[in-house]
Amino acid sequence: MAKRVLVVDDELDMRIFVTTLLETSGYKPLSAVDGKEGLEIARQKKPSLIIMDVMMPRESGINMYRELKNDPEMKNIPVIMVSALSKKTFFHSQKVLDEYKGEKISEPAAYIEKPAEPNELLEAIENSLK
Amino acid sequence: MEPQEGLTGRPDNSGIIVDLGFRTILDLLPCYLSIQDRSLHIVFTNENFRKDFGEGIGNLCHMVYKGSSDICESCPVQKSFKDMKVHISEEDVELSSGKMAQLIVYSAPILDASGNVAAVIEMSTNITQVKEIQKELTFLGQSIAILSHDMKNILEGLQGGAYVVDEGIKDGDMELAGKGWDIVKRNIGEISTIAQNILYSSKKRDPKYQKVSPEEMVRDVVGLFEEKSSALGVKLKHRSNPALPVVNLDPTNIRRMLHNLVWNALEACKKDKEKHTHTVVVRSDFHDRFHFKFEVEDNGVGIDEDAQENIFKEFFSTKGSEGTGLGLLVVDKIVKAHGGWVEVLTAPGKGTTFRVILRIR
């Protein structure tokens with residue numbers, strides 16, 4: 001059966017792009033528009049991989065990522081972050097939050113800066129699902 | 001800094017300085033000089049001071065500098081009285097011409113023979129221009145950061161859209177190709193909006209007035225957004241008071257201004273996940289006998305209090321990954337150039353109305 005991959009992005013364009021990429025590469029895409037909906041779907045459908053944006057309204061990707069990684073049932077789902085935010089800024093924010101909350105959250109399986117090349121994204125997807 | 005010695009030194013005995021005399025030298029100094037006593041009354045001023053603040057002698061310094069009956073919060077003069085040291089502060093003042101200016105103020109104690117502070121001399125320089133340049137530089141830095149972020153998102157949209165078109169063509173799936181093409185077109189639209197706003201905000205231009213009907217302006221702009229609004233599932237309506245006369249406006253600029261407001265309203269609806277139906281209404285109507293108004297009302301996310309204070313600052317944006325925040329700055333500039341003003345009525349979670357009020361002329 002095709003592996004389920006959850007795409008979380010508030011931008012419709014990005015959701016269409018990534019779900020098309022997934023469909024044509026033999027995966028079963030699911031999509032959500034923000035962190036809150038993303039978490040709900042992730043809990044229900046237990047996808048094999050989550051591809052998510054960082055900056056989203058309502059619940060940001062930063063929060064969603066930490067909630068995923070703090071949930072014993074979901075923490076092993078690999079996550080690929082795709083964002084216009086630079087990798088350095090994202091990792092710095094994670095470090096600051098780790099220190100502030102006194103926890104250590106593991107790094108995402110991949111971090112891709114927008115604009116993401118289809119091939120680059122596909123490679124990251126395949127690597128994370130190995 | 002060490003306490004300064006009182007001004008008891010003797011003038012140099014050689015050259016023109018002596019001929020000019022101390023008073024003339026003080027008058028010639030290209031800065032404001034005043035001396036205040038312990039009760040903050042001005043006892044001495046130089047020519048430059050008098051030119052911009054009036055006579056001043058015998059009056060309270062905060063009255064003269066700021067027109068305020070309260071002592072300035074960061075009063076450097078009082079500090080110098082207290083600790084006999086030099087103090088520096090930045091103050092906003094009002095010149096007697098009514099213009100506001102930013103000063104950098106140095107205060108230094110004047111000691112009497114027994115070493116007590118008899119008075120404090122205040123020397124200030126007008127740094128309004130420096131401050132403006134500083135603001136522009138900050139603006140430039142921020143704008144480049146936000147623009148590059150925006151560009152990445154648009155590039156992503158273009159690249160992603162092109163990919164979807166390719167896949168559609170490859171599989172002979174025209175519906176998919178059409179979806180991709182919509183993405184490409186949308187992102188071309190975004191980039192052209194950004195480009196036009198940058199162009200507008202980077203140039204100073206006076207409005208080119210023409211006689212136009214406000215209703216026509218509203219209809220033009222609403223027409224431009226039909227596609228975007230239906231793609232977002234937002235109802236876009238316009239209501240104009242037919243009794244409104246033809247007025248003098250710069251139509252290009254007013255269209256740009258309305259364009260930005262409608263764009264924002266649609267984005268605010270798009271961000272709102274709480275309500276089932278979204279509506280944006282664009283109106284033109286009388287405001288009072290001498291003014292008319294444009295209104296853009298949405299029932300989107302609304303603007304929270306913190307953000308309200310910042311919305312007209314350069315590049316302020318709550319849109320996160322979308323929007324440069326340049327839009328409202330351009331709105332503000334255009335409305336001000338027309339001698340009008342903008343009012344914002346908003347409730348977080350409920351929606352926002354931007355009201356632009358212009359004179360009927």
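Chain letters run A, B, ... following the sequence lines, proteins first and then strands; every chain starts at 1.
For B:K179, the NZ atom sits in a loose shell: 12 or fewer heavy atoms of surrounding residues, nucleotides or ligands are nearer than 6.0 Å. Around the NZ atom of A:K45, the shell of radius 6.0 Å holds no more than 12 heavy atoms that belong to other residues, nucleotides or ligands. Within 6.0 Å of the NZ atom in B:K228, the count of heavy atoms belonging to other residues, nucleotides or ligands exceeds 12. Residue B:K336 qualifies as open at atom NZ: its count of foreign heavy atoms under 6.0 Å is 12 or below. The environment of A:K46 atom NZ is dense: over 12 non-hydrogen atoms of other residues, nucleotides or ligands sit within 6.0 angstrom. Other residues, nucleotides and ligands contribute only 12 or fewer heavy atoms inside 6.0 Å of the CD atom of A:E123. Within 6.0 Å of the CD atom in B:E343, the count of heavy atoms belonging to other residues, nucleotides or ligands exceeds 12.
Heavy-atom distances place no part of B:L158 under 4.5 Å from chain A, backbone and side chain included. For a residue to count as touching a neighbouring chain, one of its non-hydrogen atoms must lie under 4.5 Å from one of that chain's; by this rule B:D182 does not touch chain A. Proximity to chain A is limited to the side chain of B:K273, based on heavy atoms less than 4.5 angstrom apart. Both the backbone and the side chain of A:E117 have a heavy atom closer than 4.5 Å to some heavy atom of chain B.
Considering CG of A:L12 and CD1 of B:I183, their distance stands at 6.5 Å, rounded to 0.5 Å. Annotation: the span from B:E167 atom CD to A:F17 atom CZ amounts to 10.0 Å, rounded to 0.5 Å.
B:K152 contributes a side-chain N or O that, together with a main-chain N or O of A:A84, makes up a donor-acceptor pair within less than 3.5 Å.
Of all heavy-atom pairs between B:Y163 and A:T24, the closest is OH-OG1, 3.2 Å. Heavy-atom minimum distance, B:E156 versus A:A116: OE1-N, 2.6 Å. Listed here is the closest heavy atom pair of B:N187 and A:D13: ND2-OD2, 2.9 Å.
The residue among B:L155, B:D171, B:I154, B:V301 with the most heavy atom pairs within less than 4.5 Å of chain A is B:L155.
Comment: B:K270 engages A:E11 in a salt bridge, judged by a side-chain N to carboxylate O separation of less than 4.0 angstrom.
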Notebook entry, point to check: Can you list the steps and then say if B:N153 with A:K114 is a side chain to side chain contact (heavy atoms under 4.5 Å, CB included)?
Noted result: CA-CA 6 Å; B:N153 272 309; A:K114 285 182 185 175; 3.3 Å; yes
